[in-house]
Amino acid sequence: MKFRLKITVCMLWLMAIAFGIGSSLLIMLGFSGNFQRAENSALNSYKMVLNTLRMVDQTGPVPDHSNLSQALVQLSSQGGGGWSAIRLGDESSVLYEDNSIGAELTKNLPENDGKCGISVISDASGGRHIKISAYLSAAGDNLRLDQCYDITPLYAQRNEQLRIYRHVFLIMAAAGGILSWALAYWLTRPLSALSKASKRFAEGNLAYRAEVRSQDELGVLTGDFNAMAEKLEENIATIQESAARQETFMGNFAHEMKNPMTSIIGYAELIRAQMLDEREQMDAANYIFSEGKRLESLSLKLLDILVLKKNEVKLQPAKPAQIVGSMVQHLQRVYEEKGIVLRCRTEDGWCMLEPDLVKSLLVNLLDNARKAMDRGGNIFIVSEMTDEGCVIRVHDTGRGIPPEELSKITEAFYRVDKSRSRAQGGVGLGLALCNEIVKLHNGTLSFESRIGNGTCVTAELKGGRI
């Protein structure tokens with residue numbers, strides 16, 4: 001059974017119970033009040049007749065039952081009662097009886113204690129009457145006066161009210177059912193929207209959202225569902241992006257391994273078969289050595305990246321100016337031989353760093369800057385202190401990086417110019433390693449570049465200032 005149908009049934013049951021109890025109680029109380037008034041009116045009328053008969057018996061010239069009968073006939077004709085009878089103590093001895101309604105005798109007679117016996121009787125046609133009986137002493141005999149008062153209209157009124165109540169109840173039940181269904185449908189619309197949204201979401205439509213129609217609990221629930229769906233969509237997108245990166249990583253890794261391994265195996269096979277002369281053997285050996293060194297560099301950088309991702313480093317007080325100055329002094333002559341001028345400007349101060357990792361960061365950034373220059377140029381390193389640590393910037397006057405490539409260059413194995421990078425011995429892991437080193441220092445790595453005007457790499461290290 002659907003929830004809205006349950007709401008409808010429950011509301012109908014509550015309405016039926018409330019309407020049934022309320023209406024029945026009103027009809028019952030109304031009938032009871034009317035019956036009590038009719039009974040009191042009949043009792044007062046009976047007492048009046050009884051007192052009148054007693055007065056006739058006492059004032060008559062000769063005590064005679066006929067005087068009482070004649071008085072009762074006159075009172076009955078004046079509306080003293082619907083039916084009257086006078087009997088001796090034995091109910092079979094009837095002195096007077098009005099048979100206008102053919103009343104039945106009451107079986108339970110009142111005791112001779114001066115009190116009235118009141119009962120409700122039915123006649124042959126189904127009419128209802130209040131019958132009142134009492135004893136009186138007249139003409140030396142113990143007589144009983146019976147009178148009936150018609151209350152059939154009172155029962156007819158109650159029956160009419162019950163009939164009207166049944167018709168009104170059916171109409172109210174039908175109208176209440178329609179209104180209950182409409183109300184239940186309106187109340188459960190947000191739940192239907194949530195159900196539809198969950199089905200669409202399960203079918204793969206991650207962008208589908210349920211419409212928030214109100215600010216009540218169901219509206220809040222819909223909003224929470226949409227927030228959950230939004231977060232889930234973001235997480236799934238992140239997972240898919242991560243899976244795509246991993247797939248690209250594995251493809252690039254396999255490609256990087258395939259070419260040198262194929263060449264190494266091929267040249268080794270030629271050397272083993274002794275099909276080369278001495279010079280060719282030396283060239284093959286040199287090629288095998290260079291490809292082996294490249295594979296060694298590849299494996300070491302991959303290992304460094306994996307280790308950095310899985311471990312936390314312990315930062316220690318260090319001078320960024322000293323690290324940068326020492327690195328420039330060490331590499332300056334090597335770079336000059338390639339036509340590259342290497343300079344630096346540093347700001348003195350202490351901050352929390354991991355010196356060896358910062359040196360590796362500088363080596364990789366400088367190596368990338370060197371590879372961006374075909375015919376020499378300038379590399380300028382700036383080290384500045386900040387409130388949270390330090391900032392290291394590496395400027396070069398190389399080829400520059402296209403804007404669409406800037407967001408991808410920190411991915412493993414990604415290279416802007418693949419043919420030139422492979423010819424220069426690059427495997428596309430340098431900036432990926434730099435990015436991990438900066439993350440370990442709670443910092444960020446950013447790039448600014450213009451085609452033909454060079455690149456500026458900014459490494460913001462936030463390990464803490466001393």
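Just so it is clear, the values below take in all heavy atoms, side chains as well, and ignore hydrogens, waters and symmetry mates.
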Stepwise side-chain contact (heavy atoms from CB on, under 4.5 Å) check, Val457 with Cys434: CA-CA 11 Å; Val457 183; Cys434 292; over 6 Å; no
Audit row: Ile130, Cys148, side-chain contact (heavy atoms from CB on, under 4.5 Å) steps and yes/no: CA-CA 5 Å; Ile130 295 177; Cys148 285; over 6 Å; no
Evaluation steps, side-chain contact (heavy atoms from CB on, under 4.5 Å), between Met48 and Asn44: CA-CA 6 Å; Met48 183 188 69; Asn44 292 332; over 6 Å; no
Steps toward side-chain contact (heavy atoms from CB on, under 4.5 Å) verdict (Arg158, Met28): CA-CA 8 Å; Arg158 186 189 68 172; Met28 182 184 68; over 6 Å; no
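Across Leu315 and Gly463, no two heavy atoms sit closer than the pair CD1-CA, 3.7 Å. Scanning all heavy atoms of the two residues, the minimum distance from Ala173 to Leu12 falls at O-CD2, 3.6 Å. Residues Ile323 and Ala318 come closest through the heavy atom pair CD1-CB, 4.5 Å. Taking each heavy atom of Asp396 and Gly398 in turn, the nearest pair found is OD1-N, 2.9 Å. Considering all non-hydrogen atoms of both residues, Gly127 and Thr152 come closest at CA-OG1, 3.2 Å. Of all non-hydrogen atoms in Ala210 and Asn226, the two that sit nearest each other are O-ND2, 2.7 Å.
For the atom pair CG of Leu154 and CD of Glu39, the computed distance is 11.0 Å after rounding to the nearest 0.5 Å. With rounding to the nearest 0.5 angstrom, the CG atom of Leu353 is 13.0 Å from the NZ atom of Lys319. Note that CG of Leu431 is 9.5 Å distant from CG of Leu361, once rounded to the nearest 0.5 Å. Glu233 contributes atom CD, which lies 9.5 Å from atom CD of Gln240 (distance to the nearest 0.5 angstrom). In this structure, NE2 on His395 lies 3.5 Å from SG on Cys456, to the nearest 0.5 angstrom. Residue Leu221 holds its CG atom at 9.0 Å from CE of Met228, rounded to the nearest 0.5 Å.
In terms of the ring-ring contact (aromatic ring centres under 6.0 Å, His included) criterion, Phe225 has no residue partners (sequence neighbours excluded).
Using modelled atom types, no side-chain atom of Asn435 and backbone atom of Leu445 make a donor-acceptor pair closer than 3.5 Å. Judged by distance alone, the side chain of Ser45 and the main-chain N or O of Ser41 form no donor-acceptor pair under 3.5 Å. Side-chain atoms of Glu354 come within 3.5 Å of backbone atoms of Asp356 as a donor-acceptor pair (strictly under, hydrogens ignored). Panel note: side chain Arg399, backbone Ala372; a donor-acceptor pair is recorded below 3.5 Å. Between the Glu347 side chain and the Met385 main chain, a donor and an acceptor come within less than 3.5 Å of each other.
Using a 4.5 Å cut-off on side-chain heavy atoms (C-beta onward), Leu162 and Arg166 make contact. Looking only at side-chain heavy atoms (C-beta outward), Val358 and Leu461 come within less than 4.5 Å of each other. Between Glu160 and Gln157, the closest side-chain pair of non-hydrogen atoms is not below 4.5 Å. Proximity of Gln316 to Lys314: side-chain heavy atoms (C-beta onward) are nowhere separated by under 4.5 Å. Residues Ile7 and Trp181 fail the side-chain proximity criterion, which asks for heavy atoms closer than 4.5 Å. Ile392 has its side chain out of reach of Val382: every pair of non-hydrogen atoms, C-beta onward, lies at least 4.5 Å apart. Using a 4.5 Å heavy-atom threshold, the side chains of Ile437 and Ser360 count as touching. Annotation: side chain of Ile466 is not in contact with side chain of Cys351 (no heavy-atom distance under 4.5 Å).
Judged by distance alone, the side chains of Ser122 and Arg128 do bring a donor and an acceptor atom under 3.5 Å apart.
Ring orientation note: the planes of Tyr165 and Phe19 are close to parallel, at an angle under 30° on the 30°/60° scale.
By the 6.0 Å contact criterion, CD on Glu448 is open, its count of non-hydrogen atoms from other residues, nucleotides or ligands being 12 or less. No more than 12 heavy-atom neighbours from other residues, nucleotides or ligands sit within 6.0 angstrom of CG on Asp387.
Within the structure, the side-chain hydrogen bond (donor to acceptor under 3.5 Å, both in side chains) test picks out the following pairs touching residues 19-37 (sequence neighbours left out): Asn34-Arg37, Gln36-Asn40. Sequence neighbours left out, the pairs with a member in residues 450-466 that pass side-chain hydrogen bond (donor to acceptor under 3.5 Å, both in side chains) are Ser449-Thr455.
Taking the centre of each ring, Tyr149 and Tyr46 stay at or above the 6.0 Å mark.
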